[in-house]
Amino acid sequence: MKILLLHVDYIKFKPLKKALRKIEGLSDAEKKGGEAEEALVVLTAIEKGDSDVKAVVGKLVDEVKDVAGQVKAKNVVLYPYAHLSNDLGSPEIAVKVLEQAEKELKKNFKVSRAPFGYYKEFEMKVKGHPLSELSREISVGGGKSKKDDSSESKALKAEEKLQSYWHIMTPDGKLHDVGKFNFKNYANLKKFAVYEKSKFRKMVKEPAHIKLMKKLELVDYEPGSDSGNLRYYPKGRMIKALIEEYVTKRMQEYGGVEVETPIMYDMKNPILEKYLQKFPARQYQINSDKRNFFLRFSACFGQFLMAKDVSISYKNLPFKFYELTRYSFRREQSGEVAGLRRLRAFTMPDVHVLCKDISQAMTEYKTRFLLSLDVLDKIGLKREDVELAVRFTKDFYKKNKKFVEWIIKEFGRPVLIEMWDERSFYFILKYELNFVDSVNKAAALSTDQIDVENAERYGIKFTDKDNKKKYPLILHCSPSGAVERVMYALLEKTSMNGTNSLPYWLAPTQIRLLPISDKFNKKAEELAEEFNKNNIRADVDDNSETSKKKIVDSEKEWVPFTIFVGAKEIKDNVFALRERGKKGLINLSKEEVISKLKELQSNMPWRPVPLPVLLSKRPIFV
RNA sequence: GCCCCAGUAGCUCAGUGGCAGAGCACCACUCUCGUAAAGUGGGGGUCGCAGGUUCAAAUCCUGUCUGGGGCUCCA
């Protein structure tokens with residue numbers, strides 16, 4: 001049966017007309033209808049599987065008691081509401097269930113029951129608190145006459161049932177109870193563990209990066225699109241492009257073979273159809289000429305569909321497909337979309353490795369774990385900036401303790417462990433590197449999963465040494481997580497530690513030249529050109545402003561280095577280099593400045609200044 | 001999806017039934033400047049949108065859109 005529980009200020013109802021022919025007439029009292037205040041209204045729909053009346057009533061009563069207790073309701077209204085289900089059971093049983101439930105509940109509550117089988121008018125005012133509206137599905141094992149066996153509901157039920165066991169594992173391989181673990185030196189891990197485990201959270205403000213992404217003219221909301229689909233201004237686009245380039249470069253070095261796959265897929269494709277049903281209504285859909293398509297929510301679809309058509313020998317394994325999806329789409333619930341943390345359109349580097357067996361998979365897994373840590377580190381997110389979570393089935397842990405312990409030991413700090421009794425996802429193990437932000441919310445960056453299911457689903461096979469076709473294991477890895485989320489983490493981090501700066505290689509302007517007066521604009525422009533030729537993003541503040549004002553402006557833009565250009569500098573080739581966030585100036589020749597900045601740039605990707613070099617030529621985006 | 005809050009100039013915001021405001025930014029002019037904000041003047045508004053109440057609505061009511069937060073969710 002399905003029930004909907006509503007905590008109401010009041011409810012009034014009155015039967016009007018029979019909805020079912022067979023139903024008996026009403027007493028005069030019943031005809032008047034009823035009302036209740038401060039009540040828990042239980043809308044019910046009895047379904048085909050609910051033949052075991054006693055068991056159904058028992059569960060219903062438990063459910064009602066539980067919720068009524070939580071919302072402190074003393075009045076209960078049982079209200080038959082057929083529209084909750086499209087698989088209704090027989091009226092006879094429904095009436096029995098309602099009558100017996102009423103009897104049971106009367107022991108604890110003041111109960112009223114609306115008549116069954118009538119059209120009723122009703123009016124109620126539902127309270128707004130989080131528990132005021134809850135829906136429940138009650139099923140009784142064994143007594144089910146009709147099983148709801150769509151893969152959709154199976155997956156959802158599996159998720160509901162999924163029992164998680166939370167632990168902290170220390171680098172020595174010991175498992176600790178989360179509740180008993182001493183978080184004294186691990187405040188951030190505590191925040192993360194609390195975030196993952198708990199349901200209720202304190203009121204929090206908006207995360208710091210949202211104001212920053214606008215103020216720095218990086219990214220903004222686009223009201224003309226759907227929420228979670230952002231616009232990137234030139235500076236934001238440049239930063240994002242650099243991160244994309246860097247991650248791609250590292251993936252290529254690792255051996256990832258870059259491919260490109262469509263962003264939309266036929267909803268009727270037999271392979272995709274089932275998989276899709278597991279996660280209803282979370283994707284964008286597109287109608288085109290009688291066909292329905294969904295927008296990919298990861299790179300998996302295109303890569304797996306490609307992989308199933310590839311002839312693969314065991315000699316080719318491990319084989320690595322890489323793609324950077326711009327974009328992947330997830331129609332996240334509207335209330336959950338926030339800034340750069342959670343989007344409906346996001347850019348995801350995704351490398352899938354086909355492995356011939358678990359041993360090969362674990363070897364790859366180790367390599368990729370270290371690689372992910374290093375990629376984040378080079379981008380500007382150090383190991384101490386992230387918290388590790390490792391999730392696996394009990395069975396996997398039992399068989400591969402050493403492997404799990406290796407991951408934790410390698411990370412070098414206590415990590416959050418989530419263990420499941422049985423596998424209800426497609427993977428048996430996954431880790432994530434999580435970032436905890438300025439409002440104590442956590443967001444996953446890097447992740448890697450051992451997938452034991454999709455090779456078979458998609459028909460991805462390789463020919464083994466014994467000339468038999470076998471399904472490979474697939475590792476799903478995003479070495480950095482969504483690129484937008486990397487930007488989010490960088491902005492949150494700098495806001496939290498008070499440095500208010502971007503890593504040098506991502507600064508839209510790396511050095512700003514400030515002509516001491518308009519007379520030196522031309523000279524500064526020439527100088528900027530020379531810097532830019534040396535892969536140093538230099539621009540010129542040629543606005544007709546005072547020197548102090550130009551410094552203020554460069555500070556507001558987080559420009560890491562500034563130099564003034566005047567008669568002295570040109571004559572003596574000595575520049576007083578001002579480094580943001582540091583006191584004092586360093587006198588250097590032009591050549592020394594160039595070599596210092598080149599060293600900072602190291603071999604990270606570089607792009608030219610994303611806007612005109614002369615500030616006077618730049619429009620203001622925000 | 002549900003609940004709560006917000007939306008007024010490019011930005012940050014004041015204005016709570018009676019002439020649409022401030023600071024910053026922008027434009028013009030003066031100043032040509034040495035490491036955190038020179039001076040004077042000027043332009044700029046569908047008060048998110050739609051409807052309603054009223055002699056009169058930015059202000060009150062209804063709906064809606066967008067953003068933020070919470071719940072749920074996060075393959």
Side-chain angles (χ1 to χ4, degrees), chain A residues 6-7 126-135 155-156 158-160 195-196 198-207 210-211 214-215 217 220-228 275-283 296-298 300-301 328 330-339 341-344 346 424-427 430 432 434 439 441-444 447 449 451 453-454 476 482 485 512 514-521 541 543-556 561-569 575-580 582-585 619-622:
Chain A
L6 302 171
H7 189 207
V126 181
K127 292 174 186 290
H129 61 80
L131 289 172
S132 63
E133 293 178 81
L134 296 167
S135 72
L156 292 175
E159 229 165 306
E160 273 169 30
Y195 177 81
E196 283 290 309
S198 70
K199 293 198 169 174
F200 284 89
R201 279 170 211 123
K202 280 182 215 157
M203 262 284 278
V204 282
K205 296 240 180 283
E206 105 178 7
I210 294 180
K211 283 214 164 65
K214 297 183 191 183
K215 205 183 88 182
E217 293 191 303
D220 214 336
Y221 297 112
E222 176 49 76
S225 180
D226 189 19
S227 58
Y275 187 55
L276 208 56
Q277 281 171 350
K278 289 179 80 167
F279 311 103
R282 303 236 183 107
Q283 39 324 102
R296 66 175 172 198
F297 40 89
S298 73
C300 302
F301 306 100
S328 286
R330 292 187 191 182
R331 231 194 49 187
E332 303 292 4
Q333 297 183 93
S334 57
E336 188 48 47
V337 174
R341 180 174 59 207
R342 199 162 177 82
L343 296 164
R344 285 185 169 178
F346 55 94
S424 24
F425 304 107
Y426 56 77
F427 51 84
K430 83 165 189 172
E432 308 130 29
N434 289 272
V439 293
K441 279 210 166 197
T447 182
Q449 308 160 352
D451 176 351
E453 189 178 301
N454 279 309
H476 301 230
R485 215 171 245 193
R512 175 158 295 169
L514 308 176
I516 210 72
S517 78
D518 295 352
K519 283 177 257 173
F520 300 99
N521 283 352
D541 189 348
N543 287 311
S544 192
E545 285 294 348
T546 58
S547 310
K548 283 179 187 292
K549 182 68 194 314
K550 290 182 181 182
I551 289 289
V552 169
D553 289 342
S554 75
E555 285 285 339
K556 280 187 184 164
F561 293 98
T562 48
I563 50 174
F564 276 108
V565 178
K568 255 190 335 209
E569 285 79 3
F575 295 87
L577 184 71
R578 182 183 198 276
E579 184 171 357
R580 189 163 173 274
K582 289 200 178 159
K583 279 190 178 166
L585 307 167
I620 294 162
F621 283 81
V622 179

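Because the structure is a prediction, the values reported are computed rather than measured. Just so we're on the same page: letters track the sequence lines, and every chain starts at 1.
Scanning for salt bridge (charged side-chain N to carboxylate O under 4.0 Å, His left out) contacts around R330(A) gives an empty result, with sequence neighbours left out. Residues passing the side-chain hydrogen bond (donor to acceptor under 3.5 Å, both in side chains) test with N434(A), sequence neighbours excluded: E432(A). The side chain to side chain contact (heavy atoms under 4.5 Å, CB included) check on Q449(A) picks up Y426(A), F427(A), K430(A), T447(A), H476(A), with sequence neighbours excluded. Residues passing the side chain to side chain contact (heavy atoms under 4.5 Å, CB included) test with D220(A), sequence neighbours excluded: K214(A), R231(A), Y233(A), V622(A). Residues that satisfy the salt bridge (charged side-chain N to carboxylate O under 4.0 Å, His left out) test with K568(A), not counting sequence neighbours, are absent from this structure. For the salt bridge (charged side-chain N to carboxylate O under 4.0 Å, His left out) test, residues two or more places apart in sequence or in another chain that qualify with R580(A) are E555(A). When the side chain to side chain contact (heavy atoms under 4.5 Å, CB included) test is applied to A338(A), the partners found at least two apart in sequence or on another chain are R341(A). The salt bridge (charged side-chain N to carboxylate O under 4.0 Å, His left out) search around K582(A) returns E579(A), not counting sequence neighbours. For S554(A), the side chain to side chain contact (heavy atoms under 4.5 Å, CB included) partners at least two apart in sequence or on another chain are R512(A), V559(A), T562(A).
Base pairing annotation: U54(B) forms no Watson-Crick or G-U wobble pair, as no partner gives both donor-acceptor distances under 3.5 Å. A 3.5 Å limit on both hydrogen-bonding distances identifies A28(B) as the Watson-Crick or G-U partner of U40(B). Base pairing annotation: G45(B) forms no Watson-Crick or G-U wobble pair, as no partner gives both donor-acceptor distances under 3.5 Å. As the counterpart of G1(B), C71(B) is assigned, both hydrogen-bonding distances of the Watson-Crick or G-U wobble pattern falling under 3.5 Å. Under the Watson-Crick and G-U wobble criteria, each requiring two contacts below 3.5 Å, nucleotide G17(B) is left unpaired. Pair assignment for G7(B) gives C65(B), based on Watson-Crick or G-U wobble hydrogen-bonding distances that are each under 3.5 Å.
With rounding to whole Å, R296(A) atom CZ is found 18 Å from A75(B) atom P. When rounded to the nearest whole Å, the span between NZ of K214(A) and C1' of C24(B) equals 17 Å. Between E336(A) atom CD and C3(B) atom C1' the separation is 15 Å, expressed in whole Å. Rounded to whole Å, atom C1' of G67(B) lies 9 Å from atom CD1 of I210(A). For K550(A) and G34(B), the NZ to P distance is 11 Å, given to the nearest whole Å. Atom-to-atom, CD of E222(A) to C1' of G67(B) comes out at 13 Å; the value is rounded to the nearest Å. Rounding to whole angstrom units, NZ of residue K211(A) and C1' of G67(B) are separated by 11 Å. The nearest whole Å value for the distance from the CD atom in E206(A) to the P atom in G69(B) is 6 Å.
Rounded to the nearest Å, the gap between the P atom of U16(B) and that of U53(B) is 25 Å. On the P atoms, C24(B) is 49 Å away from A75(B), given to the nearest whole Å. Straight-line distance between the C1' atoms of U66(B) and A56(B): roughly 30 Å, to the nearest whole Å. Comparing the same atom, C1', in G23(B) and in A9(B) gives a spacing of 12 Å after rounding to whole Å. One C1' atom belongs to C47(B), the other to A58(B), and the distance between them is 4 Å to the nearest Å. Here, G48(B) and G7(B) have their C1' atoms 6 Å apart, quoted to the whole Å. The separation of C71(B) from A57(B), taken at their C1' atoms, amounts to 36 Å, rounded to a whole angstrom. Comparing the same atom, C1', in U40(B) and in C4(B) gives a spacing of 48 Å after rounding to whole Å.
With distances taken from any side-chain atom of R341(A) to the nucleotides G67(B), A75(B), G69(B), the minimum falls on G69(B). Comparing C73(B), G34(B), U32(B) by their nearest atom to the side chain of R342(A) picks out C73(B).
Atom OG of S517(A) is separated from atom CZ of F564(A) by 11.5 Å, given to the nearest 0.5 angstrom. Summarising the geometry, atom CD belonging to Q283(A) is positioned 12.0 Å from atom CZ belonging to R344(A); distances are rounded to the nearest 0.5 Å.
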Produce a footprint string for nucleotides 35-41 of chain B: one letter per nucleotide, 5' end first; B if the base is under 4.0 Å from any protein heavy atom, S if only the sugar-phosphate is, - if neither.
BBBB---
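Here V565(A) lies out of heavy-atom contact (under 4.0 Å) with every strand. Residue contacts shown for P207(A) are limited to sugar-phosphate atoms, with no base heavy atom under 4.0 Å away.
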Under-3.5 Å N/O pairs linking protein and nucleotides 42-44 of chain B:
none

With 3.5 Å as the limit, what N/O pairs link the protein to nucleotides 7-10 of chain B?
none

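Between F520(A) and S225(A), it is F520(A) whose nearest contact on RNA chain B lies nearer the 5' terminus.
For the pair R578(A) (side chain) and L585(A) (backbone), a donor-acceptor distance under 3.5 Å is absent. With hydrogens and angles disregarded, a donor-acceptor distance shorter than 3.5 Å links the side chain of K550(A) to the backbone of N543(A).
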Please lay out, stage by stage, how R342(A) and R485(A) fare under the test side-chain contact (heavy atoms from CB on, under 4.5 Å).
CA-CA 8 Å; R342(A) 199 162 177 82; R485(A) 215 171 245 193; 3.6 Å; yes
